[in-house]
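The next block holds one structure in the form of structure tokens; read it before the comments.
Residue numbers begin at 1 in each chain, while the letters A, B, ... track the order of the sequences.
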Number of protein chains: 2
Amino acid sequence: MARTRNFDENQILEAALHLFWEKGYAATSLHDLEKGTGLNRASIYNAFGNKRSLFKRCLALYVGQVKAMLDSITGAAASSREAVKNWLLFVIDFHFNPETPGGCLVILSALERYQHDQETKEMVASLFRHERKVVQRVLEEGVQRGEFPAGFDCAGVAGAITATTSGMVVMAMADAPVSALQEVFRAVMRLLDGK
Amino acid sequence: MARTRNFDENQILEAALHLFWEKGYAATSLHDLEKGTGLNRASIYNAFGNKRSLFKRCLALYVGQVKAMLDSITGAAASSREAVKNWLLFVIDFHFNPETPGGCLVILSALERYQHDQETKEMVASLFRHERKVVQRVLEEGVQRGEFPAGFDCAGVAGAITATTSGMVVMAMADAPVSALQEVFRAVMRLLDGK
DNA sequence: TATTTTCTTTACCATTCGGTCAACAAAAAC
DNA sequence: GTTTTTGTTGACCGAATGGTAAAGAAAATA
């Protein structure tokens, strides 16, 4: 009946995600998106509506990927400590992965306050909530396994670990050397060992 | 000999700082600066050069204020634990202070990667370095005082605390409730007590 | 092959961006 | 009060912004 698309929507989303991830929503222009995706701007609008809805699709993709990564890493760990360790190490590797822009689109979007509507803010908050919940569950399993004492403040420590991962990303964005991030990682693990 | 300025440079800097602090460098337009400072854009250029150099003056002002606040808070504390406690509580209050935009200009600027030159990045990095150094000194004094054991990893823990403060600011920017930040604060203090 | 429907392209739109310039206003020095 | 120098003003600049409309190209159906 009609002409077919000559691009893969997922490929375009990945390319656009890469751009937003690098510069944030506001600083990524339609010109950037045209170059980065290889699509004409009218094709982008035809396929995705407008810049904002394209961004939301990318953000949803990103949030889903990170959540899946977190679930997979913590699920594969043999102990609570190993789960936390592997998650922190992943956060460091994640930033320095050369195939990736570095930093974190969700943190970037959280800081771009006035650019985003409630729906976007909710997606951002959902990743932080998910991270906190998963880490808390990991710690609670550690308590059950005897890795941590009975009165261990799983909720609080999960919040602290979640905050620390965001802080490590900020450090990395401020050009902190890998060694500084690794030092933070070791200190967190040691504080966790302390009780 | 000539006409005098009819504005106070420091007042203008404070007003501009407030704007940059709210939206970041790129999202703050000259129109915003005109409205926020009450100055015509040509007057701004006459007094401060251009948008970038005005921003740098504001950033320097901000960095100096935060450093002074950190020094004052830690200097006034009677113990190492109290110093850390008061600094973390200040970070929370700082965000929810109604006279202030909330968030942190330095973190915001660290995330605005492609907007800034080396000089700006250096100012950003200098605040993080300063914070880490001060907290480390505070912990080392705690070791001397017997608050922490001899082998205590002051450098690592100082890095972790610094990362956590940045993470708390990110959490707050993502609309986390005060209670969540306070929970992180309590967990950090308890982890510190654990050893 | 002709038709129909969608995708793609080019050119364009109004608006906003940071920045500038020339005219004007005011205050200190004489 | 005149002169001189600086601050202030408003109009203006080219470039870039997100977004759109209409024409052209291609593929599946008939």
Side-chain angles (χ1 to χ4, degrees), chain A residues 1-59 105 108-109 112-117 119-120, chain B residues 1-59 105 108-109 112-117 119-120:
Chain A
M1 230 222 282
R3 183 172 176 178
T4 57
R5 261 181 200 161
N6 54 6
F7 63 87
D8 176 29
E9 199 167 285
N10 290 327
Q11 273 182 15
I12 300 300
L13 282 175
E14 287 283 358
L17 166 58
H18 208 275
L19 296 169
F20 285 127
W21 188 352
E22 206 170 358
K23 298 199 192 180
Y25 173 76
T28 302
S29 68
L30 279 172
H31 182 66
D32 294 332
L33 290 167
E34 284 182 307
K35 280 192 308 172
T37 63
L39 251 56
N40 184 285
R41 106 221 243 102
S43 290
I44 296 177
Y45 275 76
N46 180 47
F48 300 100
N50 58 14
K51 187 188 173 187
R52 169 145 279 113
S53 59
L54 171 60
F55 171 79
K56 285 183 182 178
R57 293 279 302 273
C58 293
L59 182 59
L105 178 61
L108 210 55
S109 305
E112 279 189 306
R113 288 192 265 199
Y114 297 99
Q115 301 291 341
H116 300 298
D117 56 21
E119 191 184 357
T120 297
Chain B
M1 225 220 285
R3 184 174 175 177
T4 57
R5 264 184 198 157
N6 54 6
F7 62 87
D8 175 29
E9 199 167 284
N10 290 326
Q11 273 182 16
I12 299 300
L13 282 176
E14 288 282 358
L17 165 58
H18 208 276
L19 296 169
F20 285 128
W21 188 352
E22 206 169 359
K23 298 200 189 180
Y25 174 76
T28 302
S29 68
L30 279 173
H31 183 67
D32 294 332
L33 290 167
E34 285 181 307
K35 279 193 309 174
T37 62
L39 252 57
N40 184 284
R41 73 179 52 208
S43 290
I44 296 176
Y45 275 76
N46 180 46
F48 301 100
N50 59 12
K51 187 187 171 186
R52 166 144 282 113
S53 60
L54 171 60
F55 171 80
K56 285 183 182 178
R57 293 280 300 273
C58 293
L59 182 60
L105 179 61
L108 210 55
S109 304
E112 278 189 306
R113 287 191 266 197
Y114 296 99
Q115 301 291 340
H116 300 297
D117 56 19
E119 191 185 357
T120 297

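- Close to C:dC17, at under 4.0 Å from its OP1 or OP2, lies a side-chain N or O of B:S29.
- Ion pairing between a basic and an acidic side chain is recognised when a charged N comes within 4.0 Å of a carboxylate O; A:K51 and A:D32 show no such pairing.
- Residues A:F20 and A:S109 are not in side-chain contact: their nearest non-hydrogen atoms beyond the backbone lie 4.5 Å or more apart.
- Nearest nucleotide to the side chain of B:N46, out of D:dG7, D:dT17, C:dG18: D:dG7.
- In summary, the side chains of B:N46 and B:S43 do not present any donor paired with an acceptor at a separation below 3.5 Å, with no hydrogens or angles considered.
- Rounding to whole angstrom units, NZ of residue A:K51 and P of D:dA16 are separated by 16 Å.
- A donor-acceptor contact shorter than 3.5 Å links the side chain of A:R113 to the backbone of B:E22.
- As rounded to whole Å, 16 Å separates atom C1' of C:dA28 from atom CZ of B:R5.
- At a cut-off of 3.5 Å, with distance as the only test, a side-chain donor of A:H116 or A:E112 sits close to an acceptor on the other residue.
- Formation of a donor-acceptor pair under 3.5 Å by the B:S53 side chain with backbone atoms of B:F48 is found in this model.
- Rounded to whole Å, atom C1' of D:dA15 lies 15 Å from atom CG of B:L30.
- Note: CZ (B:F48) to C1' (C:dG19) measures 17 Å, nearest angstrom.
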Identify all pairs in which a protein N or O lies below 3.5 Å from an N or O of nucleotides 20-26 of chain D, and state each distance.
unit_1	atom_1	unit_2	atom_2	d
D:dA25	N3	A:R3	NH1	3.0

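- Residue-to-nucleotide proximity on DNA chain C shows that, of A:E34 and B:A27, the 5′-proximal contact is made by A:E34.
- Using a 4.0 Å heavy-atom distance criterion, B:S43 is classed as a base contact.
- Partner of B:L59 under the side chain to side chain contact (heavy atoms under 4.5 Å, CB included) criterion, chosen from B:L108, B:L54, B:L17, B:T120: B:T120.
- In this structure, the CZ atom of B:F55 is 16 Å from the C1' atom of C:dG18, given to the nearest Å.
- One can place CD1 of B:I44 at 11 Å from P of D:dT9, the figure rounded to the nearest angstrom.
- Between the NZ atom of B:K23 and the P atom of C:dG18 there is a distance of 11 Å, rounded to whole Å.
- Taking atom CG on A:N6 and atom C1' on C:dT9, their separation rounds to 12 Å, with Å as the unit.
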